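Here the structure is a predicted model, which means the values were calculated and not measured.
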Amino acid sequence: MERFLIYIKHHLGFLWNFIEFGNEIVFSHYYGARLYAISENVISEYADPQLIYRKLHISDAEALYELLNTQSPDDLEFFNPHGFELYDIEKLARKKSFLMMGVFDAGKLIGYFFLRFFANKKCFVGRLIDKDYRGKGIGRGMNMIMYETAWRMGFRCLSTISRNNLSVMNAHANNRSMIVIKELANNFLLVEFIRTK
């Protein structure tokens, strides 16, 4: 099923928009208020005291646009969860089924992470850290916030990872929460993050 949805997302945009529209209605009705409460609790539990972790709002769209568009093309080669134009970001910021979060250092957005929820109890996650802030452990905090939010919502926590993305493969090499579910086309893996306790 995931393979089919990924194909639709990347090749049949009109159909993907229809699926997202229906998903947004169902998710908002059943889970919207719960997601807000759970994500706020999780952020307060797992955030780094030296940085600010919080939900992104439409007023953060320009800062996210700047972060995404100042990364090198090599850094974005495997990170394409949505469009990077300001319009695309503002559109996603309005969706209840797409939780956008950020990490701030002295008011500057240095990290972006998200959870894309589907009404079938599956959630896809992703993250990006500014090139100047990598290797400082920020990703671990982002991961725990994403995973815990999905798990406490009762959703499966999934992602697609390219085997060719060596930095991400190395970052997840010791991630005991990650299991490979399927091999996908073009050397991608469908992975799930599960509780290990």
Side-chain angles (χ1 to χ4, degrees), residues 9 16-17 20-21 23-72 75-119 122-134 136-153 155 157-161 168 171 193:
K9 178 183 174 188
W16 180 254
N17 289 338
E20 282 216 310
F21 176 75
N23 180 69
E24 180 69 12
I25 292 170
V26 174
F27 182 87
S28 296
H29 179 73
Y30 288 103
Y31 306 106
R34 189 164 170 241
L35 173 59
Y36 179 79
I38 287 174
S39 63
E40 290 297 311
N41 287 338
V42 171
I43 288 171
S44 67
E45 289 174 32
Y46 286 93
D48 181 327
Q50 306 301 316
L51 302 168
I52 294 174
Y53 288 67
R54 68 169 173 81
K55 183 180 185 291
L56 295 180
H57 306 284
I58 197 151
S59 59
D60 298 305
E62 287 188 21
L64 179 54
Y65 173 82
E66 184 177 334
L67 173 67
L68 293 170
N69 287 282
T70 55
Q71 304 308 302
S72 75
D75 292 332
L76 298 176
E77 181 180 0
F78 303 106
F79 185 79
N80 56 357
H82 53 73
F84 291 169
E85 295 302 320
L86 190 56
Y87 167 80
D88 299 314
I89 295 166
E90 289 173 341
K91 182 178 171 186
L92 287 171
R94 292 184 181 97
K95 291 182 177 280
K96 291 195 185 310
S97 61
F98 197 96
L99 178 62
M100 305 168 84
M101 293 181 279
V103 183
F104 293 81
D105 181 23
K108 178 185 177 186
L109 181 62
I110 60 163
Y112 165 55
F113 55 122
F114 66 85
L115 297 93
R116 182 189 294 259
F117 289 92
F118 290 93
K122 293 180 181 175
C123 170
F124 281 80
V125 299
R127 67 178 170 91
L128 175 78
I129 301 169
D130 183 84
K131 57 189 176 299
D132 296 330
Y133 287 84
R134 293 178 193 156
K136 301 178 186 298
I138 296 169
R140 281 192 296 275
M142 296 164 91
N143 286 348
M144 287 314 302
I145 291 169
M146 290 187 297
Y147 303 167
E148 278 294 330
T149 300
W151 295 337
R152 292 183 196 183
M153 288 287 294
F155 280 62
C157 186
L158 305 163
S159 188
T160 55
I161 298 174
V168 170
F193 302 102

**OP:** State, to 0.1 Å, how close L115 and A150 come at their nearest heavy-atom pair, and which atoms those are.
**Re:** CD2-N, 4.0 Å
**OP:** Would you check if the side chain of W151 reaches a backbone N or O of F193 as a donor-acceptor pair within less than 3.5 Å?
**Re:** yes
Subject >> Residues that D105 engages under salt bridge (Lys or Arg N to Asp or Glu O under 4.0 Å), provided they are two or more places apart >> reply: none
Subject >> Sub-4.5 Å side-chain heavy-atom contact between C123 and L158 >> reply: no
Subject >> Pairs meeting criterion side-chain hydrogen bond (donor to acceptor under 3.5 Å, both in side chains) with involvement of residues 52-64, two or more places apart >> reply: R54-D60
Subject >> Separation of I25 CD1 from Y30 OH (nearest 0.5 Å) >> reply: 12.0 Å
Original post:
Taking atom types as modelled and ignoring hydrogens, do the side chains of N41 and S44 form a donor-acceptor contact shorter than 3.5 angstrom?
Top reply: no
**OP:** Applying salt bridge (Lys or Arg N to Asp or Glu O under 4.0 Å), name anything that partners R127, two or more places apart in sequence or on another chain.
**Re:** none
**OP:** For Y147, enumerate each residue passing the side chain to side chain donor-acceptor pair (under 3.5 Å) test, keeping only those at least two apart in sequence or located in another chain.
**Re:** N175
Subject >> Rounded distance [0.5 Å steps], NZ in K122 versus SG in C157 >> reply: 13.0 Å
Original post:
Taking the side chain as C-beta and beyond, is there a heavy-atom pair between V42 and I38 under 4.5 Å?
Top reply: yes
Original post:
Would L76 and N80 count as a side chain to side chain contact (heavy atoms under 4.5 Å, CB included) if you check the C-alpha gap in whole Å, the side-chain angles of each, and the deciding distance to 0.1 Å?
Top reply: CA-CA 7 Å; L76 298 176; N80 56 357; over 6 Å; no
Subject >> Partners passing ring-ring contact (aromatic ring centres under 6.0 Å, His included) against F113 (at least two apart in sequence or in another chain) >> reply: none
Original post:
Is the closest side-chain heavy-atom distance between I52 and V103 below 4.5 Å?
Top reply: no
Original post:
Of the non-hydrogen atoms in I110 and I138, which two are nearest, and what is the gap between them?
Top reply: CD1-CD1, 3.8 Å
**OP:** Describe, in one word, how the ring planes of F79 and H82 are oriented to each other, choosing from parallel (under 30°), tilted (30 to 60°) and perpendicular (over 60°).
**Re:** perpendicular
Subject >> Heavy-atom pair of closest approach, residues Y46 and I145 >> reply: CB-CG1, 3.7 Å
Original post:
Can any side-chain N or O of Q71 pair as donor or acceptor with the backbone N or O of D130 at less than 3.5 Å?
Top reply: no
Original post:
Quick check: are there more than 12 heavy atoms from other residues, nucleotides or ligands sitting under 6.0 Å from NZ of K131?
Top reply: yes
**OP:** Find out whether I129 and M142 are in side-chain contact, i.e. whether some heavy atom of one side chain is under 4.5 Å from a heavy atom of the other.
**Re:** yes
Original post:
So do the side chains of L35 and T149 get within less than 4.5 Å of each other, counting heavy atoms only?
Top reply: yes
Subject >> side chain to side chain contact (heavy atoms under 4.5 Å, CB included) between L68 and Y112, worked out >> reply: CA-CA 9 Å; L68 293 170; Y112 165 55; 4.2 Å; yes
**OP:** Could you list all the salt bridge (Lys or Arg N to Asp or Glu O under 4.0 Å) pairs where at least one residue sits in residues 35-52, not counting sequence neighbours?
**Re:** E45-R152
Original post:
Quick one: are the ring centres of F124 and F117 less than 6.0 Å apart?
Top reply: no
Indicate every side-chain donor-acceptor pair of residues 83-102 with a distance under 3.5 Å to a residue at least two apart or in another chain.
unit_1 : atom_1 : unit_2 : atom_2 : d
D88    : OD2    : E85    : N      : 3.3
R94    : NH1    : E90    : O      : 3.3
S97    : OG     : E24    : OE1    : 2.5

**OP:** For K108 and E66, run salt bridge (Lys or Arg N to Asp or Glu O under 4.0 Å): C-alpha distance rounded to whole Å, both residues' side-chain angles, the deciding distance at 0.1 Å, then the answer.
**Re:** CA-CA 10 Å; K108 178 185 177 186; E66 184 177 334; over 6 Å; no
Subject >> Side-chain heavy-atom pair F114, V125 within 4.5 angstrom cut-off >> reply: no
Subject >> Residues in side-chain contact (heavy atoms from CB on, under 4.5 Å) contact with R140, at least two apart in sequence or another chain >> reply: none
Subject >> Spatial distance of atom CG (N143) from atom CD (E148) [nearest 0.5 Å] >> reply: 11.5 Å
